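In what follows, a single structure is set out as structure tokens and then discussed.
As the structure is a computational prediction, the values presented were derived from the model and not from experiment. Below, chains carry the letters A, B, ... as their sequence lines are ordered, and counting in each starts from 1.
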Amino acid sequence: MTENPIELAPQRIDDSFDSIVDELQWRGLISVSTDLDALRQALAEGPVRYYCGFDPTAGSLHLGHLVQLLLLRRLQLAGNIPYALVGGATGLIGDPRPTAERTLNSRDQVAEWVVRIRDQVSGYLGDEGENALHVVDNLDWTAPLSAIDFLRDLGKHFRVGQMLAKEAVAKRLRSEAGISYTEFSYQILQANDFLQLYRREGVTLQTGGQDQWGNLVGGVDLIRRVEQVGVHAIGSPLITNSDGTKFGKSEGNAIWIDPELTSPYAFYQFWLNTEDADVVERLKVFTFLTRAEIEELARQVAEEPYRRAAQRRLALEVTALVHGETAARNVVRASEALFGDGDLRALDPATLGQALDELPGTGAALGDPIARVLADTGVVRSVSEARRAIGQGGVYVDNVRVTDPEATLDADMVLPGGRVLLRRGRRTLAGVRVGD
RNA sequence: GGCGGGUUACCCAAGCGGCCAAAGGGAUCUGACUGUAAAUCAGCUGGCUCUGCCUACGUAGGUUCGAAUCCUGCACCCGCCA
């Protein structure tokens, strides 16, 4: 079960490609774009300044944002100069979602999230050297904008017909939810961001998710109108699972990059459970493995899928990228210990203890009902759900199935180190510390 | 501003005075199978001190022995008209 430690892939571009654009295309990171040949040429002529915006709609970025961060990073590794825009202003307005109007967050809340997201973003892009990351906040130029300025200097360049035709807006108009004027105006603010960054910093490329395409083009159009200059935009595809479910969710919850919100263990498990049909695509998008290395892993998926070599590598690489190599190695060891088929009591107590520390857990006392302890660990939402799970034969203590919903925690369940391992279903684990 | 329609559990959506913790579908979860997969089949899915009790059908009141269902105010959404 324990294999030779795999060495992590260094962050680099794959020099088997002529242009970074070719590598991005191979990795499936470009689904829509302005003239790619023009972009290739611009990139060949020297460092390009480029940006991607992150709106503070929560206190942490999630996997969808990670795609963008990696896109920024790859362009940076190719010698270009990244700008990360934190949407202190646009976060107060709200980008129209296709389904429903957003609830406005308070200014204090948004300001707090701006700080946290700024910190997260900075961690992924080197801030030293000639092409160090620049972080900007669109509140700096949006807040001073008066209604008069907004309407005269910006509004005149936008035709309502075109604004209505933008997909995000059109969808909302077709839906029962409709759209507020506030959200309708969002695209103008984002277009202005690109214009401001072009004027102030010479930024000529914006990247974003495909769902942002309307907004990206809005900026390109505005700059063409106002400055008579052609700039570039790249939209990356929405990552989807081959089975049609949403990528980046586990039991309906988003996978966050903040370890407080999604533990490194849960993060690693998420990636480890990637389906065969998706794993190669994930390796391309989320790791710095080269084309040759990924092709080798693809061969292994095809020939010996049960080994899940590609999933293991993917999970290790992405966990290390987000949580650091030490944390990643720890959760790998924990996973191997807990999912091994050996007797838990035969494991080295220190290893077992460390493994259990990676899991969600709780304290409990002998005699406590197992259903309640399970609920306390958070792997089920309530005692009722725990009882139900036990009734369905889906709960195990130390890998032994529990059948009685009224069962209690007994002394013979306690493993060396005063721990008990609870499991719900095939793969949801929790650790319990027994004591009074 | 006027008129009309709407707000149901994670999502969509039935219900229109008691038989409603609320049909149906989706999704999640569990079991069998397996590779901590996929596909397939089956089952569960408000909470609790669980043969009962407590919350819940936008929100605050009211009518009634009894309301998701009737009435009134309020909030929000949609459409048409101005």
The side chain of R401(A) is closest to which nucleotide in this list: U30(B), G31(B), A37(B)? G31(B)
Using Watson-Crick or G-U wobble geometry with both distances under 3.5 Å, which nucleotide pairs with C74(B)? G58(B)
State, without any angle test, whether Q269(A) and R427(A) hold a side-chain donor-acceptor pair at a distance under 3.5 Å. no
Taking a pair to mean Watson-Crick or G-U wobble geometry with both distances below 3.5 Å, C80(B) pairs with G2(B)
Using a 4.0 Å cut-off on heavy atoms, which residues in residues 316-328 of chain A reach RNA chain B? List them by number, or say none. none
With rounding to whole Å, what would you report as the distance between C11(B) and G46(B) at their P atoms? 14 Å
Pairing of R27(A) and E281(A) as salt bridge, 4.0 angstrom limit: no
Using the P atom on both, measure A68(B) against U63(B) and round to a whole Å. 16 Å
Provide the distance between the two C1' atoms, one in C57(B) and one in A14(B), to the nearest whole Å. 12 Å
For Q311(A) and G35(B), give me the distance from atom CD to atom C1', rounded to whole Å. 9 Å
Base G43(B) to side chain Q392(A), donor-acceptor N/O within 3.5 Å cut-off: yes
Pair D221(A) + R224(A): basic N to acidic O under 4.0 Å: yes
Would you mind reading off the distance between L422(A) atom CG and U36(B) atom P, rounded to a whole angstrom? 20 Å
Under-4.0 Å salt bridge between E293(A) and R12(A): yes
Determine the interatomic distance between P on G26(B) and the same-named atom on C77(B); round to the nearest Å. 33 Å
Mind calculating the distance between CG (L314(A)) and C1' (U36(B)) to the nearest angstrom? 15 Å
Distance in angstrom units between R282(A) CZ and A38(B) P, rounded: 14 Å
Go through the structure and list residues passing side chain to side chain donor-acceptor pair (under 3.5 Å) with W141(A), not counting sequence neighbours. D193(A)
If we call it a pair only when both distances are under 3.5 Å in a Watson-Crick or G-U wobble match, what pairs with A32(B)? U40(B)
For Q196(A) and D140(A), test the side chains for any donor-to-acceptor distance below 3.5 angstrom and give the result as yes or no. no
Mark yes or no: R423(A) above the aromatic ring of F339(A), with NZ or CZ under 6.0 Å from the six-membered ring centre and no more than 45 degrees from the axis. no
Would you measure the distance from the P atom in U7(B) across to the matching atom in C71(B) and give it in whole Å? 14 Å
Summary of protein contacts for nucleotides 45-54 of chain B, nucleotide by nucleotide, where a base hit scores B, a sugar-phosphate-only hit scores S (4.0 Å, heavy atoms): S-SBSB----
To the nearest angstrom, the CD-C1' distance between E336(A) and G35(B) comes to 15 Å
Hey, does the side chain of R426(A) come within less than 4.0 Å of U34(B)'s phosphate (OP1/OP2), counting only N and O? no
Residues of residues 263-273 of chain A with any non-hydrogen atom less than 4.0 angstrom from an atom of RNA chain B: list those, numerically ordered, please. Q269(A), L272(A), N273(A)
Using the P atom as the point on both nucleotides, what is the distance between U64(B) and G58(B), in whole Å? 23 Å
Distance check, P atoms only: C12(B) and A27(B), in whole angstrom units. 15 Å
Under a 4.0 Å N-O cut-off, is there an ion pair linking R333(A) with E336(A)? no
If you measure only the distance, is there a donor-acceptor pair under 3.5 Å linking the side chains of S60(A) and Q120(A)? yes
If a pair satisfies side chain to side chain donor-acceptor pair (under 3.5 Å) and one of its residues is in residues 13-22 of chain A, list it, with sequence neighbours excluded. D14(A)-S16(A), S16(A)-R291(A), D22(A)-R40(A)
Could you state the CG-P distance from D276(A) to A37(B), rounded to the nearest angstrom? 11 Å
Find the partner of U49(B): check Watson-Crick (N1-N3 plus N6-O4 or O6-N4) and G-U wobble (N1-O2, O6-N3) distances, both under 3.5 Å, and reply none if neither fits. none
Below 30° counts as parallel, above 60° as perpendicular, anything between as tilted: where do the rings of W26(A) and F17(A) land? tilted
Under 3.5 Å, is there a donor-acceptor pair linking the side chains of Q354(A) and D357(A)? no
If you measure from the P atom in C81(B) to the same atom in U8(B), how many Å do you get, rounded? 27 Å
How would you list, by chain and number, every residue that makes a side chain to side chain donor-acceptor pair (under 3.5 Å) with S146(A), sequence neighbours excluded? D149(A)
Specify the separation, in whole Å, of atom CZ of R308(A) and atom C1' of A37(B). 7 Å
Starting from the 5' end of RNA chain B, give me the residue, R423(A) or Y306(A), whose nearest nucleotide shows up first. R423(A)
Between R307(A) and E304(A), does any side-chain N to carboxylate O distance fall below 4.0 Å? yes
OP1 or OP2 of G31(B) less than 4.0 angstrom from a side-chain nitrogen or oxygen of Y396(A), does that happen here? yes
Sort out the partner of G17(B) for me: Watson-Crick or G-U wobble, both distances under 3.5 Å, none otherwise. none
Any strand, both distances under 3.5 Å, Watson-Crick or G-U wobble: A9(B) pairs with none
For atom CD of Q300(A) and atom C1' of G35(B), their distance in whole Å: 15 Å
Looking at U63(B), which nucleotide sits across from it as a Watson-Crick or G-U wobble partner, both distances under 3.5 angstrom, or is there none? none
